[in-house]
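Here is the structure we will look at.
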Amino acid sequence: MASQTDKSLLSAELEEEDDEEFRQLLLQATQKIQSAMPSVRDSKPIQPQPGFCIKTHAGSQEKVFVNICRSLHIPAPPDLSRQELECLVESDSASSFRIPMSLGEPHAELDNSGNGCTAYDVVINSGFFSKVEADPFFKEFFITIALEGLADKYKMDINHPAWRILKNRKFMGSISGQTIRTKSSPIIQEMDFSSPVLPKFTILAEPAGGPPEFLLAEIHLPRVGSARELSLELGQDRIVLRGGPDPYVLDFYIPHDIVPERSHARFHRRTAVLTVKMPIQPQLGPP
């Protein structure tokens, strides 16, 4: 059954010099999107499949192994070609590109010499895993992001340049099941785009220090003349933008729970930049 898209998200546009900060453009479509989605649990268990194993170090001595695993239940990142990825890496937006992945808890293991070591399981989408395996450039880019993600989450100093892929084993120790979120995603209308273009974009968390209260996305659309050319949809953890003469396509996973019905957007015709302000769902503290 064909999905429906409500373009009332961007049914009006604002001049850059308008006094009103943001005009609410997302309410009607967000409610329709959320009500049309089937009810699901907030999380579900998955059993990742082995892929390959990386050996590196934390600090100068501690051995660290990273089991790169795959699962159909992990969302895929935006589909980029090799040329598009190379352009992204060379641009100022490389740090804003996100690869959905599940970072497992550390588990103690023994290496081949019987010495203690630490292993982590990182799970990515099965289709994206195949792309990583087929292209060394994609693999190096992904491994860099995965190691940075582990270093940030667990506050450790991973020696990024010193990693290597083990040739004769796909994982270290055992691969445990993980629990992932199962949030609703926007319903997307199938559109006939022969050569979609990924627009340049940045997403910043505000305030910069402390827990973020909202995300601010700036999407550059140099060939778009009016907001009426665009279709913008928000889910609880997703941005989907399509339209324009190029045409532009952006389907981006957000590593936060946002509040779509309180989000706002505006398109600046002079700069051809679409700005989307998305409040983050407050985290409930302990009872």
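Here the structure is a predicted model, which means the values were calculated and not measured. Numbering of residues begins at 1 and proceeds along the displayed sequence.
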Hydrophobic cluster identity match, Phe214 and Val273, side-chain contacts under 4.5 Å:
no
Distance (rounded to the nearest 0.5 Å) between Leu198 CG and Leu80 CG
5.5 Å
Is there a side-chain contact between Ile145 and Met101 (heavy atoms, below 4.5 Å)?
yes
Just wondering, do Phe171 and Asp121 contact through their side chains at under 4.5 Å, heavy atoms?
no
Gap between atom CZ of Arg169 and atom NZ of Lys55 - 0.5 Å precision:
10.5 Å
Heavy atoms of other groups near Glu140 CD, more than 12 under 6.0 Å:
no
Do you reckon Phe137 sits in the same ILVMFWY cluster as Trp163, going by side-chain contacts under 4.5 Å, direct or chained?
yes
Do the non-hydrogen side-chain atoms of Asp79 and Lys131 ever get within less than 4.5 Å of each other?
yes
Taking the side chain from Glu233 and the backbone from Arg242, do they hold a donor-acceptor pair closer than 3.5 Å?
no
Verify the cluster assignment for Met156 and Val122: are they in a single hydrophobic cluster under the rule of side-chain heavy atoms below 4.5 Å apart?
yes
Looking at side-chain heavy atoms only, is the closest gap between Leu85 and Asp135 below 4.5 Å?
no
Nearest-0.5 Å distance that lies between atom NE2 in His264 and atom OG1 in Thr275
13.5 Å
Donor-acceptor under 3.5 Å (Asn125 side chain, Ile74 main chain)
yes
Interatomic distance, CD1@Ile124 vs OG@Ser130, rounded to 0.5 Å, equals 9.0 Å
Side chains of Ile143 and Phe52, heavy atoms from C-beta outward: is any pair under 4.5 Å?
yes
Transitively linked via ILVMFWY side-chain contacts under 4.5 Å: Leu150 with Ile165?
yes
Side-chain donor or acceptor of Arg70 paired with backbone N/O of Pro50 under 3.5 Å
yes
Counting C-beta onward and ignoring hydrogens, is there a side-chain heavy-atom pair between His220 and Pro199 closer than 4.5 Å?
no
Minimum heavy-atom distance between Gly244 and Val224, given as atom pair plus value
CA-CG2, 4.0 Å
Shortest non-hydrogen contact from Pro75 toward Pro100:
O-CB, 3.4 Å
Is there side-chain contact between Gln49 and Ile175, with at least one heavy-atom pair below 4.5 Å?
no
Using the side-chain contact (heavy atoms from CB on, under 4.5 Å) rule, take Glu133 and Lys139 through it: C-alpha gap first, then chi angles, then the decisive distance, then the call.
CA-CA 7 Å; Glu133 284 283 74; Lys139 177 176 284 190; 2.7 Å; yes
Find out whether Glu105 and Tyr154 are in side-chain contact, i.e. whether some heavy atom of one side chain is under 4.5 Å from a heavy atom of the other.
yes
Point-to-point distance, once rounded to the nearest 0.5 Å, from CG of Leu230 to CZ of Arg228
11.0 Å
Phe129 versus Gly51, closest heavy-atom pair with distance:
CZ-CA, 3.4 Å
When rounded to the nearest 0.5 angstrom, what is the spacing between CD1 in Ile239 and CG in Leu234?
6.0 Å
Test item: Asn67 side-chain N/O and Met172 main-chain N/O as donor-acceptor pair under 3.5 Å:
yes
Of all heavy-atom pairs between Ser81 and Phe138, which one has the smallest distance, and what is that distance?
O-CZ, 3.8 Å
For Glu62 and His57, what are the C-alpha separation, side-chain angles and deciding distance, and is it a side-chain contact (heavy atoms from CB on, under 4.5 Å)?
CA-CA 5 Å; Glu62 181 187 355; His57 290 83; over 6 Å; no
Lys NZ or Arg CZ of Lys153 over Tyr120 ring: under 6.0 Å, within 45°:
no
How close do Ser174 and His107 get, counting heavy atoms only, and between which atoms?
O-CE1, 3.4 Å
Do you know which two heavy atoms are closest between Ser71 and Val123, and how far apart they sit?
CB-CG1, 3.7 Å
Please say yes or no: joined through hydrophobic side-chain contacts below 4.5 Å, possibly via intermediate residues, are Val259 and Leu215 part of one cluster?
no
